[in-house]
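Some notes on the structure that comes next.
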Amino acid sequence: MIAIPGALKIAARSLTRNKFYTFVSLFGIGFTLLVLLIAAAFLDQVVAPHPPESRAARTLYMTRTRMAGEHSVITSAAGFGFLDATVRDLPGADKVSLLTTGESGVSYVGGHKIKSRVRHVDGAFWSILDMRFLEGAAFTDEDDRQARPIAVINAATRDRFFGGERALGKTIEISGQRLRVVGVVPDVSVLRSTICADVYAPIGTIPGEAWRHEVQGNFGALILARDARDFPALRAELRSRVKRFPIPDPKNYTTFDAPADTMFGLAAAGIFEGPQADPDAPGLSASEKLALLLTGAALLFMTLPAINLINVNLSRVLERAPEIGVRRAFGASRGRLVGQLVAENVALTLVGGVLAAGLAAIVLAAVTASGVIPHAHLTVNLRVLGWGLLAALVFGLLSGVVPAWRMSRLHPVEALRGRAS
Amino acid sequence: MILHLLKLAWRRKSSSALLLVELLASFAVVFVVATAVVYLALCWRLPLGYDWRNVWCIEVDRLRTTDDTLSAEELQGYARLLREAASIEGVAAIAGAMDAPYDHRSSSGNREFGGRQVSMQFAEFTDRAREVLRLELSAGRWFEPADDALPWTPIVVDERFARDAFPGEDPIGKAFGSPPDDPDERIVGVVRSYRKGGELSIPGGNVMRRIAIGRASDRPPQVLLVRADPGVDSGFEERLVTRLHEIMPAWTFEPRALGDLRTEWFRTNIAVLALGSTIAGFLLLMVALGLIGVLWQNVARRTREFGLRRAAGASQGDIRRQVIMEVVLTAAFALGMGALLAAQIPVLDIVPFVGVGAIAAGVAIASILVVGTVIAAGLYPSVLATRIPPAEALRDE
């Protein structure tokens, strides 16, 4: 066993002895972890549960359907007709919401153009999300059935239309439709692409009737399970229902799929599209592939900095050869010395990690403030910090083991004379 | 002297090996970024083939995305839109299309011509698209209303596609190989170029199909392209969209100036390059700092060797050159390996669209930057190597 306090004391002393090496190491570690932390923060913003999607961990998203035949494949969002018939009353689900993929709406207020992303949703949408209301309240399934011309808008839209004044009860005109504002909600990051919108209106207000019967169209569904463990059962039921659903053009199309998956699974299926899009199929699922790919990319990115750190550490170890020699001569075992050196390196990496976390917070705050990604709120939260810690440990071990092993092989007598090579 | 230095490096091969791997990895990083930058700069100089100034792209949302057939009244609606919008004040020409320059959509495919696989991008236009985009016709003719009566669909291709598919032949009148159950398609004209993805896009052949408005089998256009008269006022866009909405109240119209789309698209591309270059730059700086550390230690351990050389008559400059040359030689070795690996890209055709020129330039830039970094990192340690007087150095134990 290594006596931890003692090891730390030695580590601190050796780190402060040659400040240049310490600086070089910290620069490399800090920069590497900074890049990884920022990447993790973006990923977190896209796939992890955040309010209003606090229940994302037990929500299945259905955003794509795929109709395939011998000659062609159509990949598209689902149609309302299909979702209404097969998904809306899915047994075993806690709640199901149908919603559109988001349409563009254009308004002109006082000669200025205002572009809004309009999403048509049902009443259940508001009970699956835990949306905080700044003004008013959500609309209901009854409002949707009656096609009442009302809307919930986000804070940015309130600013654009009413200059930040209270919007409740006022009317906005979007793409020729007049909607009365019944609620105002905080802005949702555009990175939450399934649910974000500037204006939410009842599905019933979509003009025309054609959309009611479409199999593929511009709709998706949120399926809230009582527990994430229900996912396979829900998906099995969904699959059998989709299978029973009559394909509109059986001459040209023979299969119809409508996969439901978590946010991460959907992102993965988007990258590795194909038969593996079914998450319950045997073999590596798309999510697992994406996880492997991300891990591989992180490790690949760490390679150059790790080699650099190994080189620096080797030099530092050689500089400390006399110390090693003394400790070996006084009976310290090889394992103990290796442990000491690896621990030193991991400690240094963790210090670099703390620096990186501070820098990442500054960079992410700047990105958030710049408004490059509308309404994004990028932060180093605990989850991101956890991933960063893991990366730091891997990095520390990766770059610490080789020099430690080299040093432990030094012959005590040679080392004492400072003749290590 | 180089042979002697090589021998010295060989003696320390285990530590040199790690240094070699590090320099090779740095070379790889810089090479990838540099090649991308050079390649895109070369793309930038190719002709675009159209004029995006004063053009608006209006996204038509019929609130149904994949339903490709239109009702009779919707078909009439399209015809009316194109007809009536042409007379709106400030509109010079209007056309329907499947996608617009600088947007993110694209449709591409591969077909076999005379035993060669030719890849191409597809576009679909109504008759007046040539006027709207100012496409430069280099042979044959563009689409015209009389084409409605043809039993086949007219196709216009760009020069690059004509070269790829029919090298040395006149493409006009050639059949565009289509599946047997499709109506026939024939090439009627050639335009100079149509790089829909913009100045930084990967060049490739283009095939443009005519959309016959009113024919139920044709897919309806997704966007309207409008060329405005020069010097239209800022209210033009609003007037245009309001008027379109009056003509077809059930649809929504989202207008965007192509110039704005272009700026936005450009910013995204530059941001990606800038991010890549910044990361590569920091990695190189990190490698430089690491090298200083390694060389510093290396020099400190060899005090006696340098002392001996000084005593034997070597000048300070000789010692300095030796320290730098040693590490430059290691770098040269790494660069040689890197260049060999880079040469596999054109040989194995790994990234077919990037030419040998861009790869060679990437190798050259990466080599210069890595060698420069190594020399810069070696300067301070090489000075250290000569700081201790020979007599003292020899006494050092």
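Note on naming: letters A, B, ... go to the chains in the order of the sequence lines (proteins, then strands), and numbering restarts at 1 for each one. Keep in mind that what you see is a predicted model, and the values were worked out from it rather than measured.
Heavy-atom distances place no part of A/F219 under 4.5 Å from chain B, backbone and side chain included. Both the backbone and the side chain of B/P255 come within less than 4.5 Å of a heavy atom in chain A. Only the side chain of A/V35 comes within contact range of chain B, with heavy atoms under 4.5 Å apart. Proximity to chain A (any heavy atom under 4.5 Å) is shown, for B/L295, by neither the backbone nor the side chain. Using a 4.5 Å cut-off between heavy atoms, A/F23 touches chain B through its side chain atoms alone. With a threshold of 4.5 angstrom between heavy atoms, B/L24 does not approach chain A through any atom at all. Looking at A/T303, there are no atoms closer than 4.5 Å to chain B (heavy atoms on both sides), in backbone or side chain. For B/E59, no part lies near chain A; criterion is any non-hydrogen pair under 4.5 Å.
Distance CG/B/L20 to CD1/A/I307: 10.5 Å, rounded to 0.5 Å.
The closest side-chain donor-acceptor pair between B/Q297 and A/S315, if any, does not fall under 3.5 angstrom.
We find that A/K113 and B/E237 are joined by a salt bridge, their nearest charged nitrogen and carboxylate oxygen being less than 4.0 Å apart.
Taking the side chain as every heavy atom from C-beta outward, B/T252 and A/V106 never approach each other to under 4.5 Å.
Ring geometry for A/F31 against B/F282 counts as parallel: the plane angle stays under 30°, on a 0 to 90° scale with 60° as the upper cut.
Interface check for chain B: of the options A/Q177, A/R316, A/K115, A/H112, the most heavy-atom pairs under 4.5 Å are formed by A/K115.
Every residue meeting the side chain to side chain donor-acceptor pair (under 3.5 Å) condition with A/N313, not counting sequence neighbours, appears here in chain and number order: A/N345.
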